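Shown next, in structure tokens, is the structure this report addresses.
Keep in mind that this is a model prediction, so the values were computed, not measured.
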Protein chains: 2
Amino acid sequence: MFSLSEENYLKAIFHLERSFPTGVSTNALAEEMNTKASSVTDMVKRLSEKKLVNYKKYQGVKLSKLGRDTAVEVIRKHRLWEVFLVEKLNFAWDEVHEVAEQLEHIKSEKLISELDKFLGFPKKDPHGDPIPDAKGNMVIANKILLSELQVGESGICVGVKDSSTEFLQYLDKNDIALGKTISILEKESFDQSMLIKLNGKELKISSLISSNLYIKTS
Amino acid sequence: MFSLSEENYLKAIFHLERSFPTGVSTNALAEEMNTKASSVTDMVKRLSEKKLVNYKKYQGVKLSKLGRDTAVEVIRKHRLWEVFLVEKLNFAWDEVHEVAEQLEHIKSEKLISELDKFLGFPKKDPHGDPIPDAKGNMVIANKILLSELQVGESGICVGVKDSSTEFLQYLDKNDIALGKTISILEKESFDQSMLIKLNGKELKISSLISSNLYIKTS
DNA sequence: ATCAATTTTTAGACTAATCTAAATTTTAAT
DNA sequence: ATTAAAATTTAGATTAGTCTAAAAATTGAT
Ligand SMILES: [Mn+2]
Ligand SMILES: [Mn+2]
Ligand SMILES: [Mn+2]
Ligand SMILES: [Mn+2]
């Protein structure tokens with residue numbers, strides 16, 4: 001159907017549309033794709049020819065219905081494979097992304113529907129991100145960043161915003177994991193660092209940490 | 001490491017080397033790869049530059065140690081994925097090849113070693129072909145073609161030479177499966193067709209069938 | 001040994017995806 | 001409203017992998 005490169009661009013545009021609701025800029029897309037603006041312009045033209053995006057010169061790019069559906073399907077595959085790697089093949093949550101980047105491009109309807117069934121139709125990937133179902137619907141969880149909580153409040157850790165190896169390994173090292181309860185004991189107004197309670201212990205975390213952890217408040 | 005195309009060429013050369021021990025011809029490779037002889041010449045030059053094959057103009061091509069090791073690794077991945085698809089994802093043995101052609105190119109050592117473990121270190125793929133281990137060693141089974149059996153002899157079906165959907169579905173339709181015992185009741189010398197006993201019933205098969213079924217004699 | 005058929009290689013062209021450098025358009029500050 | 005900076009697009013080149021058509025080498029039949 002579509003090439004690996006095309007699928008990766010669609011995914012990137014999909015993710016950037018949250019921050020660029022009026023149209024994803026060429027530079028933002030170049031940054032996300034680790035490529036040059038001129039390459040983006042070329043590709044965006046091709047995507048436009050294929051009716052995957054709406055594009056007008058100098059005005060940024062938006063996904064069409066077809067483009068969005070395709071992006072969501074790729075994201076579905078990515079996240080299902082991540083679950084498979086963690087649940088069945090003993091991968092840690094910081095090891096799955098690179099492999100899933102490859103597996104997400106395998107073309108086979110039966111493969112993905114059977115994988116979904118095999119995994120028990122999971123709703124979340126190992127990083128807490130929602131997995132679209134076969135129709136492309138996904139649950140948007142009501143989660144907020146830990147950094148938005150006030151002193152005295154608490155909630156359950158349900159996802160990560162940054163899913164880089166470095167961040168995930170930091171969380172592992174400090175026994176922060178999805179499903180755990182975190183309470184805010186103190187908040188330093190100068191640098192937004194926090195003292196939290198976790199696993200019965202107190203832990204000091206910087207704002208870089210608290211602004212990349214999703215919490216569900218009860 | 002190597003591109004998808006390069007890996008596919010290496011695999012094709014590996015398989016053709018049985019029939020062309022003195023060097024795989026350009027035309028044979030073109031036929032196997034469904035491409036043109038001129039494209040093969042181009043690619044073979046590139047493979048040669050990368051030390052994957054030994055090539056001299058007009059003299060055919062042979063795998064180097066590196067080329068052979070790479071080919072075997074791709075074959076290992078292909079066959080492990082086929083087992084996964086059949087054993088875990090409810091694929092029929094005639095449905096796996098196309099998907100395995102894609103999956104065999106995923107790059108991740110951990111993925112394949114964990115998959116191997118997850119599947120219980122299988123020795124054979126769903127078509128009876130041997131699966132190389134992590135070091136590239138594979139068991140060469142002592143199997144012969146059904147067509148080589150004489151009247152009165154019998155053996156167990158252990159593999160297929162042709163693993164096309166068409167042939168595999170013919171076998172399914174006639175309840176011929178790996179592990180079953182087949183005895184030769186009659187052999188027609190004119191067209192080499194056979195009357196065999198299978199599942200307690202008699203069945204007439206053409207030489208096209210008997211020359212594509214591997215048998216292990218006891 | 002010659003020569004025609006077959007096989008293989010070369011030459012030149014094409015596409016997808018990328019790059020650098022230059023040109024153009026937009027933006028936002030004065 | 002000008003104009004400098006920033007963003008974007010265009011022009012031209014490159015690489016992998018493919019193709020067609022033509023040239024060259026090999027093979028095999030007489
Ligand atoms: Mn991921
Ligand atoms: Mn990808
Ligand atoms: Mn196969
Ligand atoms: Mn392949």
For A/Glu31, what residues pass the salt bridge (Lys or Arg N to Asp or Glu O under 4.0 Å) criterion, not counting sequence neighbours?
->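 None.
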Side chain to side chain contact (heavy atoms under 4.5 Å, CB included) partners of [X], counting only residues at least two apart:
X        : answer
A/Glu17  : A/Ile13, A/Val24, A/Lys62, A/Leu63, A/Arg68
B/Leu208 : B/Ser206, B/Asn212
B/Leu145 : B/Ser147, B/Glu148, B/Lys161, B/Tyr214

Protein-proximity profile, nucleotides 8-20 of chain D, B/S/- by nucleotide at the 4.0 Å heavy-atom cutoff, equals SBB------SBBB
Name the first nucleotide and the last nucleotide along DNA chain C (5' to 3') that come under 4.0 Å of a heavy atom in chain A.
-> C/dA17 to C/dT26
State which residues pass ring pair (Phe, Tyr, Trp, His ring centres under 6.0 Å) with B/His97; sequence neighbours excluded, sorted by chain then number.
->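 With neighbours one apart ignored, the set is B/His78.
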What residues, two or more places apart in sequence or in another chain, satisfy ring pair (Phe, Tyr, Trp, His ring centres under 6.0 Å) together with A/His127?
->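 Ring pair (Phe, Tyr, Trp, His ring centres under 6.0 Å) list for A/His127, sorted by chain: empty.
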Set of residues satisfying side chain to side chain donor-acceptor pair (under 3.5 Å) with respect to B/Asp94, sequence neighbours excluded = B/Gln169
